[in-house]
Amino acid sequence: MCLAVPVLLKQKRDDSGTIDLGGVEREVSLLLTPEAQEGDYVIVHAGFAISVLDREEAEATLSLFRELADSQGQ
């Protein structure tokens, strides 16, 4: 099962970038989303950013994940 969790693109360098997921940073490929810019939220699968999200949509989704985690006592 995969969850589509929005992650923040912190840095962009050519066809790659650094994302932040709750304080954890990873390098990802931006070959499939050349339109992504620093500060955008993206969905990442298998090391590739596969879509760019609307900021409001991404923040609403992250808020729901936080509520779910809080309800589980985490």
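The basis for the numbers below is simple: all heavy atoms, side chains too, and nothing from hydrogens, waters or symmetry mates. Quantities reported herein were computed from a predicted structural model and do not represent experimental measurements.
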(request) Determine whether more than 12 heavy atoms belonging to other residues, nucleotides or ligands lie under 6.0 Å from atom CD of E35. (result) yes
Return the minimal non-hydrogen interatomic distance between [X] and [Y], and the atom names on each side.
| X | Y | answer |
| --- | --- | --- |
| A36 | L9 | CB-CD2, 3.9 Å |
| L30 | A49 | CD2-CB, 3.7 Å |
| A4 | F65 | O-CE1, 4.2 Å |

(message) T18 and side-chain hydrogen bond (donor to acceptor under 3.5 Å, both in side chains): which single residue from E38, E27, K10 fits?
(response) E27
(request) To the nearest 0.5 Å, tell me how far D20 CG sits from Y41 OH. (result) 9.0 Å
(request) Would you give the length of the straight line joining atom CG of D15 to atom CG of L31, rounded to the nearest 0.5 angstrom? (result) 4.5 Å
(request) In sequence, state the C-alpha distance, the side-chain angles, and the governing distance for D40 and L53, and then conclude on side-chain contact (heavy atoms from CB on, under 4.5 Å). (result) CA-CA 7 Å; D40 284 345; L53 299 177; over 6 Å; no
(message) Assess the residue pair V28 and V7 against the criterion (side-chain contact (heavy atoms from CB on, under 4.5 Å)); give the C-alpha distance rounded to whole Å, side-chain angles, the decisive distance to 0.1 Å, and a yes or no.
(response) CA-CA 11 Å; V28 298; V7 293; over 6 Å; no
(request) Would you check, one step at a time, whether the test side-chain contact (heavy atoms from CB on, under 4.5 Å) holds for V5 with L62? (result) CA-CA 7 Å; V5 178; L62 289 172; 4.2 Å; yes
(request) Check for a donor-acceptor pair, side chain of T61 on one end and backbone N or O of E57 on the other, with a separation under 3.5 Å. (result) yes
(request) Verify, without hydrogens or angle tests, whether R55 (side chain) and G39 (backbone) share a donor-acceptor contact under 3.5 angstrom. (result) yes
(message) Using side-chain contact (heavy atoms from CB on, under 4.5 Å), reason through E67 and S71 one step at a time and then give a plain yes or no.
(response) CA-CA 6 Å; E67 286 180 29; S71 73; over 6 Å; no
